[in-house]
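Contents: one structure, followed by commentary.
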Amino acid sequence: MKKKIVVLSGAGMSAESGISTFRDAGGLWENYDVMQVAHIDSWQTNRDLMLKFYNERRKQLASVEPHEGHKIIAELEADFEVVVVTQNVDNLHERAGSSNVIHLHGELTKACSSKDKECVVDIGYNEIHPGDQAADGSQLRPFIVWFGEAVPEIERAAFEVSQADILIIVGTSMQVYPAAGLIHYARRGIPIYLIDPAEVNVPARVEVIRKTAGAGLALLKEKLVP
Ligand code: OAD
């Protein structure tokens, strides 16, 4: 039976594809007020700005490509059972060939009803405009988990981490919960690797690879693949 690798990825995973992270210098939260564009409390008062913010993210996504690191994760499926748990709302893991991806914070290429988040539609790279309606007649909104909202996929993600034989964390500052707490579901004694060019606060048992996602994953693949 193949060993199971769970990959926890964050914004740094997509940085080499040209998508900005949130908290680095020059990151998105330096140019936008997170409370205004990514908090559920703003939806009633700031709807147009929120739609514009995510329309821009979606448009950018259409113009970028997965990089070598995304491809390495997909290639690991030849030797391992691989589950990717990502905080990213882009589709670069899927486009690189990963077949089992859990999106904790939603997906840019989907929209949902603002009254019922389970009423989801694929929108590809198209914009959402004020007045666009979901099937139930309410305003269509980005299928994103905003701050102040529940994270419905967290239980499935925690279960997958608890089943992992190897855990790889890549490109996340580990500052946003509940995602950052997933590491604690890993079984005692399994190898845990963290790939990040900057210092991230993780338990001492974690083996830190202080490199970018592409270089770090290439190194780790050499080590893991027989
Ligand atoms: P952050 O922006 O908080 O952290 C990005 C991490 O990626 C940092 O630790 C960087 O050092 C690292 N990094 C930068 N370039 C890298 C590279 N080339 N290779 C590898 N790592 C690199 O992003 P997240 O931790 O993903 O949520 O943020 C978590 C959540 O906060 C996001 O999903 C988003 C945000 O607010 C919502 O909007 C709901």
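Indexing begins at 1, ligand by ligand and atom by atom, following the structure's order.
Residue contacts with ligand 1: Glu16 is included, with a non-hydrogen atom under 4.0 Å away. Ligand 1 has at least one atom lying under 4.0 Å from a heavy atom of Pro197.
Atom numbering of ligand 1 starts at 1 in the shown order; those under 4.0 Å from a heavy atom of Val145 are 39 (C). Near Trp29, the atoms of ligand 1 lying under 4.0 angstrom from a non-hydrogen atom of the residue are 35 (C), 36 (O), 38 (O). The contact set between ligand 1 and Gly10, taken as ligand atoms under 4.0 Å from a residue heavy atom, comprises 26 (O). Taking every non-hydrogen atom of Ala198 and a distance limit under 4.0 Å, the qualifying atoms of ligand 1 come out as 11 (O). The Phe22 neighbourhood of ligand 1 comprises atoms 2 (O), 23 (O), 28 (O), 32 (C), 34 (C), 35 (C), with distances under 4.0 Å to a heavy atom of that residue.
Hydrophobic clustering (ILVMFWY, side-chain heavy atoms < 4.5 Å, transitive): Val83 and Leu76 are in distinct clusters.
When hydrogens are left out, the protein atom nearest atom 23 (O) of ligand 1 is Ala11 CB, 3.5 Å; that is the closest non-hydrogen contact. Annotation: atom 28 (O) of ligand 1 to nearest protein heavy atom, Arg23 NH1, 3.1 Å. The nearest protein atom to atom 16 (C) of ligand 1, hydrogens excluded, is given as Gly12 O, 3.7 Å; this is a heavy-atom distance. The shortest contact between atom 3 (O) of ligand 1 and any protein heavy atom is with Ser173 OG, 2.5 Å. Among protein heavy atoms, the minimum distance from atom 15 (N) of ligand 1 is reached at Ala15 CB, 3.8 Å. Residue, atom and distance of the protein heavy atom nearest to atom 29 (C) of ligand 1 are Gln87 OE1, 3.1 Å. The protein heavy-atom contact nearest to atom 14 (C) of ligand 1 is Asp24 OD2, 3.4 Å. Looking only at heavy atoms of the protein, atom 11 (O) of ligand 1 is closest to Asp196 OD1, 2.6 Å.
When non-hydrogen atoms are compared, ligand 1 lies under 4.0 Å from neither the backbone nor the side chain of Trp146. No part of Ile144 comes within 4.0 Å of ligand 1, judged by heavy-atom distances. The part of His105 lying near ligand 1 is the side chain, judged by heavy-atom distances below 4.0 Å. Residue contacts with ligand 1, taken as heavy atom pairs separated by less than 4.0 Å, involve Thr172 via backbone and side-chain atoms alike.
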How far apart are the C-alpha atoms of Lys71 and Glu65, what are their side-chain angles, what is the distance that settles it, and do they pass the salt bridge (charged side-chain N to carboxylate O under 4.0 Å, His left out) test?
-> CA-CA 11 Å; Lys71 290 177 194 154; Glu65 298 292 334; over 6 Å; no
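Salt-bridge annotation for Glu75 and Lys221: present, with a side-chain N of the basic residue lying under 4.0 Å from a carboxylate O of the acidic one. Salt bridge Glu56/Lys59: absent, no basic N to carboxylate O contact under 4.0 Å. Ion pairing between Arg23 and Glu30 fails under the 4.0 Å rule for side-chain N and carboxylate O.
Within the 3.5 Å criterion, the main-chain N or O of Met174 finds a donor-acceptor partner in the side chain of Thr172.
More than 12 heavy atoms of other residues, nucleotides or ligands sit less than 6.0 Å from atom CG of Asp48. Heavy atoms of other residues, nucleotides or ligands lying less than 6.0 angstrom from NZ of Lys2 number more than 12.
With Phe53 as the aromatic partner, Arg57 meets the cation-pi criteria of under 6.0 angstrom to the ring centre and within 45 degrees of the ring axis.
Screening Glu107, Lys110, Arg58 for a side chain to side chain contact (heavy atoms under 4.5 Å, CB included) with Ile123, the sole residue that qualifies is Arg58.
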For residues 181-192, tabulate all N or O donor-acceptor pairs below 3.5 Å that involve a side-chain atom, not counting sequence neighbours.
| residue | atom | partner | partner atom | Å |
| --- | --- | --- | --- | --- |
| Arg187 | NE | Ser162 | O | 3.4 |
| Arg187 | NH2 | Ala164 | O | 2.8 |
| Arg187 | NH2 | Asp165 | OD1 | 3.0 |

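The heavy atom nearest to atom 7 (O) of ligand 1, considering only Gly214, Ala213, Gly171, is found in Gly171.
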